[in-house]
J.: 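So that we are looking at the same thing, I have put the structure below in structure tokens.
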Amino acid sequence: MEVIVEDTVNQYETLFLTEDKENFFRYTMMKPFEKMWQMMGAPLKAKEENGYDVLMATQMMEV
């Protein structure tokens, strides 16, 4: 079993400073979990505009 530790604190600091927040979140923060998202049926990038993807899935998980 391979365990990968993500430095989310540093990633969030960078996220707040970057212009392209959606792509940073999608490809930097969620890419390591791509296999999990695929198993849940949520692609990293939607096939069509405003389609279902990891951005929408994470928003649906918020309490």
Side-chain angles (χ1 to χ4, degrees):
M1 174 194 264
E2 183 180 349
V3 177
I4 300 170
V5 178
E6 292 292 323
D7 183 6
T8 55
V9 172
N10 214 5
Q11 289 176 348
Y12 274 108
E13 288 175 353
T14 305
L15 176 66
F16 290 123
L17 297 174
T18 189
E19 296 276 329
D20 191 9
K21 293 182 185 336
E22 287 185 3
N23 282 329
F24 181 85
F25 182 77
R26 179 181 285 126
Y27 296 116
T28 302
M29 299 179 79
M30 295 296 111
K31 179 77 171 162
F33 306 104
E34 185 173 16
K35 190 170 186 175
M36 175 194 73
W37 290 116
Q38 287 176 344
M39 293 172 77
M40 294 171 58
L44 288 179
K45 177 92 171 143
K47 293 179 182 173
E48 52 195 52
E49 191 173 338
N50 297 323
Y52 185 69
D53 62 0
V54 295
L55 297 177
M56 185 181 290
T58 55
Q59 289 172 352
M60 292 171 65
M61 291 180 181
E62 292 179 2
V63 178

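When a residue number appears, it is its place in the shown sequence, counting from 1.
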J.: Mind checking the CG-OG1 spacing from D20 to T28? Nearest 0.5 Å is all I need.
T.: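 Rounded to the nearest 0.5 Å, the CG-OG1 separation comes to 9.5 Å.
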J.: Mind checking whether M40 and F33 have side chains closer than 4.5 Å, heavy atoms only?
T.: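 Side chain of M40 against side chain of F33, heavy atoms only: no contact under 4.5 Å found.
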J.: Tell me whether the count of non-hydrogen atoms from other residues, nucleotides or ligands lying under 6.0 Å of CG in D7 goes above 12.
T.: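 Check passes, neighbour count above 12.
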J.: Can you name the nearest heavy-atom pair linking A46 to Y52, along with the distance?
T.: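 So the minimum-distance heavy-atom pair works out to CB-O, 3.7 Å.
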J.: Assess whether side-chain contact (heavy atoms from CB on, under 4.5 Å) is satisfied between K45 and Y27, documenting all intermediate values.
T.: CA-CA 9 Å; K45 177 92 171 143; Y27 296 116; 3.6 Å; yes
J.: Between atom NZ of K31 and atom CZ of F24, what is the distance when rounded to the nearest 0.5 Å?
T.: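 Between K31 NZ and F24 CZ, I get 15.0 Å after rounding to 0.5 Å.
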J.: Do F25 and Q11 come within less than 4.5 Å of each other through their side chains, counting heavy atoms only?
T.: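 Not touching, per the 4.5 Å side-chain cut-off.
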J.: Using a 6.0 Å cut-off, check whether atom CD of E6 has over 12 heavy atoms from anything other than its own residue.
T.: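 Above 12, so yes.
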J.: If hydrophobic clusters are built from ILVMFWY residues whose side chains come within less than 4.5 Å, do V9 and M30 share one?
T.: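 No: no chain of side-chain contacts under 4.5 Å links V9 to M30.
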J.: Show your reasoning for whether side-chain contact (heavy atoms from CB on, under 4.5 Å) applies to Q38 and E34.
T.: CA-CA 6 Å; Q38 287 176 344; E34 185 173 16; 3.7 Å; yes
J.: Between M56 and G51, what is the shortest heavy-atom contact and its length?
T.: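 That closest heavy-atom pairing would be CE-O, 3.8 Å.
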J.: Say whether, by atom type as modelled, one donor and one acceptor occur between the side chain of T58 and the main chain of L55 under 3.5 angstrom.
T.: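 Here the side-chain-to-backbone pair exists.
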J.: Would D53 and R26 pass as an ion pair if we require N to O under 4.0 Å?
T.: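 Yes, D53 and R26 are salt-bridged.
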J.: Would a single hydrophobic cluster contain both L15 and M61, if residues Ile, Leu, Val, Met, Phe, Trp and Tyr are joined by side-chain heavy-atom contacts under 4.5 Å?
T.: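 They do share one cluster, since a chain of ILVMFWY contacts under 4.5 Å joins M61 to L15.
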J.: In the single-linkage hydrophobic clustering (I, L, V, M, F, W, Y; side-chain heavy atoms under 4.5 Å), do M29 and L17 co-cluster?
T.: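 No, separate clusters.
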J.: Would you find a donor on one side and an acceptor on the other, under 3.5 Å apart, between the side chain of T18 and the backbone of T14?
T.: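 No.
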J.: May I ask you to check whether over 12 heavy atoms, not counting those of K21, lie within 6.0 Å of atom NZ?
T.: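 More than 12 within 6.0 Å, yes.
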